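As the structure is a computational prediction, the values presented were derived from the model and not from experiment. Residue numbers begin at 1 in each chain, while the letters A, B, ... track the order of the sequences.
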Amino acid sequence: MSDLLTNNDRRTEYCGLFTNKYIGEHVCAVGWVQRQRDLGSIIFIDLRDRSGIIQLAFDDMTETNIFDQAFRIRSEYVLCVKGVVRKRSSINKNIPTGDIEIAVDELKILSVSETPPFEITEDSEVKPELRLKHRYLDLRRPDLQRNIIERSKIVQITRKYFMDNGFIDIETPNLIKPTPEGARDYLVPSRVHHGCFYALPQSPQLYKQLLMLSGFDRYFQIARCYRDEDLRVDRQPEFTQIDLEMSFITQEGVIEIIEGFVKYLFAEYKNMEINLPLPRLTYTEAMEKYGSDKPDLRFGFELIDLSDALCGCGFKVFAETIAAGGSVRAINIKNGAESFSRKEITSLTDWIKTYKAKGLAYTKLSGGEYSSSYAKFLSDDENSAIYEKTNLCEGDIIFIVADKNNIVFDSLGALRCEIARRLNIIKNDEYKMLWVTDFPLLEYSEEDKRYYSTHHPFTMPCAEDLHYLDTDPSKVRSIAYDIVINGMEAGGGSVRIHSQEIQSKIFEVLGFTKEDADKKFGFLLDAFKYGVPPHAGLAFGLDRLTALLLGLSDIRDVIAFPKVQNASELMTKCPAPADPATLTELGIALTENPEEE
RNA sequence: GGCCCGGUAGUUCAGUUGGUUAGAACGCUAGCCUGUCACGCUAGAGGUCGUGGGUUCGAGUCCCAUCCGGGUCGCCA
């Protein structure tokens with residue numbers, strides 16, 4: 001049987017925070033048993049809580065019945081002990097409390113424990129499946145516990161910054177109207193209105209815009225958002241955003257506030273100086289130079305366009321691609337020739353096919369010898385032009401992709417990151433951030449024969465591009481901006497449309513009839529009749545930001561109860577079939593049987 | 001939805017060309033041990049090799065299907 005905690009059992013101090021100043025004092029400690037070391041006539045127990053570990057000692061001075069109890073204590077038992085803090089006869093320099101211990105004279109076993117399915121230790125390497133099934137135990141591990149605690153600190157710093165800058169923390173609804181565009185919504189059936197559904201918000205977008213219209217001027221929220229899309233290492237179906245919106249402000253105003261936030265956060269949390277202003281690239285520049293709208297600036301390998309030099313060249317693959325409107329581009333891996341054997345190059349060639357590139361051409365210059373997969377098809381002049389444009393020097397290797405522009409950008413953009421990873425040249429404690437601006441407002445979908453918003457349909461078009469809305473909508477740039485850190489989209493936002501006319505025009509370009517627009521966003525268009533301040537905002541991914549600051553790549557390590565790749569949660573086994581009576585009440589009939597448990 | 005990787009003791013893994021009774025480490029149980037701190041020593045228990053089917057004299061190993069986990073492309077306004 002377990003012992004009971006009483007009012008007298010007050011913890012003196014967290015386990016890991018006991019120090020020399022407690023020596024000689026009679027104290028109370030509580031926690032979990034990390035390990036028991038039974039030396040025969042003396043027993044040591046490491047007692048653990050979120051702060052660390054304190055050693056308990058039971059020896060010939062300990063009462064027999066307490067000693068006998070200590071003897072049967074096992075890992076993860078929960079104890080309340082009292083005793084005198086004393087100096088150890090041998091010191092453990094590896095832990096902060098390594099020079100003291102508690103000589104126990106009172107012991108309560110508050111709870112016993114079965115042997116856990118895996119060891120509760122910092123470095124325990126256990127399959128994610130098992131860890132997540134027993135997440136409550138996984139969360140006892142010091143590293144995960146630290147991540148969750150650090151996340152809390154980051155949130156605290158974030159709140160302080162935005163409160164100090166006049167932002168008002170406002171909660172917006174989690175049961176909202178389904179949105180027709182963008183990511184798939186999670187739907188919640190209505191009991192009162194059969195056949196009708198709420199959606200869980202993908203973001204508080206429209207509400208925060210309406211808050212601007214209501215005059216709150218500066219809003220922020222640590223907002224949970226939901227997207228029913230496939231998971232990735234940096235994507236969970238529910239995730240948290242630092243969401244904000246401001247009135248009477250332009251892009252520069254938002255950038256200034258966010259740069260201030262980043263500077264403050266890195267200074268407060270990492271004691272690291274961020275130099276402002278952050279560099280900026282337009283979307284077009286980022287694509288041309290890095291093949292990505294979220295470039296990682298911690299390494300070079302910029303894209304080089306060879307199309308002009310190879311137009312009409314003897315190598316059909318290159319010439320025909322250019323003639324068809326595509327391009328031939330290269331990256332130069334400086335001093336990388338030795339790192340890429342034939343086998344390695346073959347491996348990269350296979351790898352790049354994931355991005356639909358048909359092949360990967362290369363030339364390397366090693367020991368004064370050129371070796372190349374394509375040079376023999378080109379004239380000396382053409383080859384020289386490539387060497388000159390790519391600045392190919394002794395020890396370098398260049399990789400070339402020829403294809404439609406979007407495939408060249410996707411594949412080379414990914415390749416430069418993959419190579420940086422393989423060469424292990426990325427420093428984990430380096431942070432390179434930038435703004436990417438001037439995104440195209442619209443993207444044409446060949447499949448659906450219509451335009452979709454790149455960002456969302458409330459994004460303000462660039463004033464000087466407005467005339468293209470009627471002639472060539474793909475040319476319209478938007479006043480949208482992403483903040484990118486180490487190749488990761490950390491946050492994104494835009495100046496919003498605050499004019500009913502422009503908003504209606506955008507809906508029209510997106511192919512909504514007036515009736516469609518009224519049905520879907522009528523409340524917004526109505527609201528816009530009543531005096532809208534110009535406004536703009538941004539949302540920062542808190543999970544990604546936290547992982548980044550902690551040097552982690554998997555956001556599941558900063559989320560207490562994350563979901564796995566098929567969007568289920570292994571501990572509670574959700575989602576789960578609903579009770580038939582509940583379904584009836586909701587007016588839902590299933591056309592197929594739910595998965596068996 | 002496509003492609004790739006993985007699943008063997010409680011855990012992490014090894015397991016050769018298909019061949020006798022499937023191993024190791026840690027953990028666990030018991031005993032011994034007065035200064036350990038990843039304590040040590042001795043002994044022991046522990047396996048439907050993810051699941052189902054097939055090939056074979058014989059399958060952890062080969063084939064097919066399926067489940068679970070991971071990565072990735074699509075997707076993520």
Check: Which value, in whole Å, describes the distance between the P atoms of nucleotides B:A25 and B:G40?
Finding: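 B:A25 and B:G40 have their P atoms separated by 13 Å.
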
Checklist line | Nearest-angstrom distance, P atom, B:U17 to B:C63 | finding: 14 Å

Which residues share a salt bridge (Lys or Arg N to Asp or Glu O under 4.0 Å) with [X], sequence neighbours left out:
X	value
A:Lys449	A:Glu446
A:Glu25	none
A:Arg224	A:Glu238
A:Arg37	A:Asp46

Any N/O pairs under 3.5 Å between the protein and nucleotides 36-43 of chain B? List them or say none.
residue: B:U36; atom: O2; partner: A:Arg37; partner atom: NE; Å: 2.7
residue: B:U36; atom: O2; partner: A:Arg37; partner atom: NH2; Å: 3.2
residue: B:U36; atom: N3; partner: A:Gln55; partner atom: OE1; Å: 2.8
residue: B:U36; atom: N3; partner: A:Gln55; partner atom: NE2; Å: 3.1
residue: B:U36; atom: O4; partner: A:Gln55; partner atom: NE2; Å: 2.7
residue: B:C37; atom: O4'; partner: A:Arg37; partner atom: NE; Å: 3.1
residue: B:C37; atom: O2; partner: A:Gln55; partner atom: OE1; Å: 3.4
residue: B:C37; atom: O2; partner: A:Arg88; partner atom: NH1; Å: 2.7
residue: B:C37; atom: O2; partner: A:Asn92; partner atom: ND2; Å: 3.3
residue: B:C37; atom: N3; partner: A:Arg88; partner atom: NH1; Å: 2.6
residue: B:C37; atom: N4; partner: A:Ser90; partner atom: O; Å: 2.7
residue: B:C37; atom: N4; partner: A:Ser90; partner atom: OG; Å: 2.9
residue: B:C39; atom: OP1; partner: A:Arg35; partner atom: NE; Å: 3.2
residue: B:C39; atom: OP2; partner: A:Arg37; partner atom: NH1; Å: 3.0
residue: B:C39; atom: N4; partner: A:Asp38; partner atom: O; Å: 2.6

[X]: what forms a side chain to side chain donor-acceptor pair (under 3.5 Å) with it, not counting sequence neighbours?
X	result
A:Asp516	A:Thr513
A:Arg135	A:Asp138
A:Glu569	A:Thr572
A:Arg88	none

Atom [atom1] of [X] to atom [atom2] of [N]: distance rounded to whole Å?
X	N	atom1	atom2	answer
A:Glu443	B:C75	CD	C1'	13 Å
A:Gln565	B:G2	CD	P	13 Å
A:Glu114	B:U29	CD	P	12 Å
A:Asp138	B:G69	CG	P	16 Å
A:Asn566	B:U72	CG	P	16 Å
A:Arg184	B:G1	CZ	C1'	10 Å
A:Asp350	B:U72	CG	C1'	14 Å

Distances for protein N or O near nucleotides 22-26 of chain B N or O, under 3.5 Å:
residue: B:C26; atom: O2'; partner: A:Glu119; partner atom: OE2; Å: 3.4

At less than 4.0 Å, is any side-chain N or O atom of [X] found next to OP1 or OP2 of [N]? Yes or no.
X	N	value
A:Gln202	B:C76	no
A:Lys127	B:U12	yes
A:Ser41	B:U34	yes

Next item on the list: Give the intermediate values and the outcome of side chain to side chain contact (heavy atoms under 4.5 Å, CB included) for residues A:Phe439 and A:Thr282.
Entry: CA-CA 7 Å; A:Phe439 284 81; A:Thr282 65; over 6 Å; no

Next item on the list: Please identify each residue that fulfils ring pair (Phe, Tyr, Trp, His ring centres under 6.0 Å) with A:Phe340, with sequence neighbours left out.
Entry: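 So A:Phe340 forms a ring pair (Phe, Tyr, Trp, His ring centres under 6.0 Å) with A:Phe399.
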
Item checked: For A:Ile479 against A:Thr459, the heavy-atom pair lying closest together ->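 A:Ile479 and A:Thr459 have their closest heavy atoms at O-CG2, 4.3 Å.
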
Check: Near RNA chain B, which residues from residues 228-241 of chain A have a heavy atom under 4.0 Å away?
Finding: A:Glu229, A:Asp230, A:Arg232, A:Val233, A:Arg235

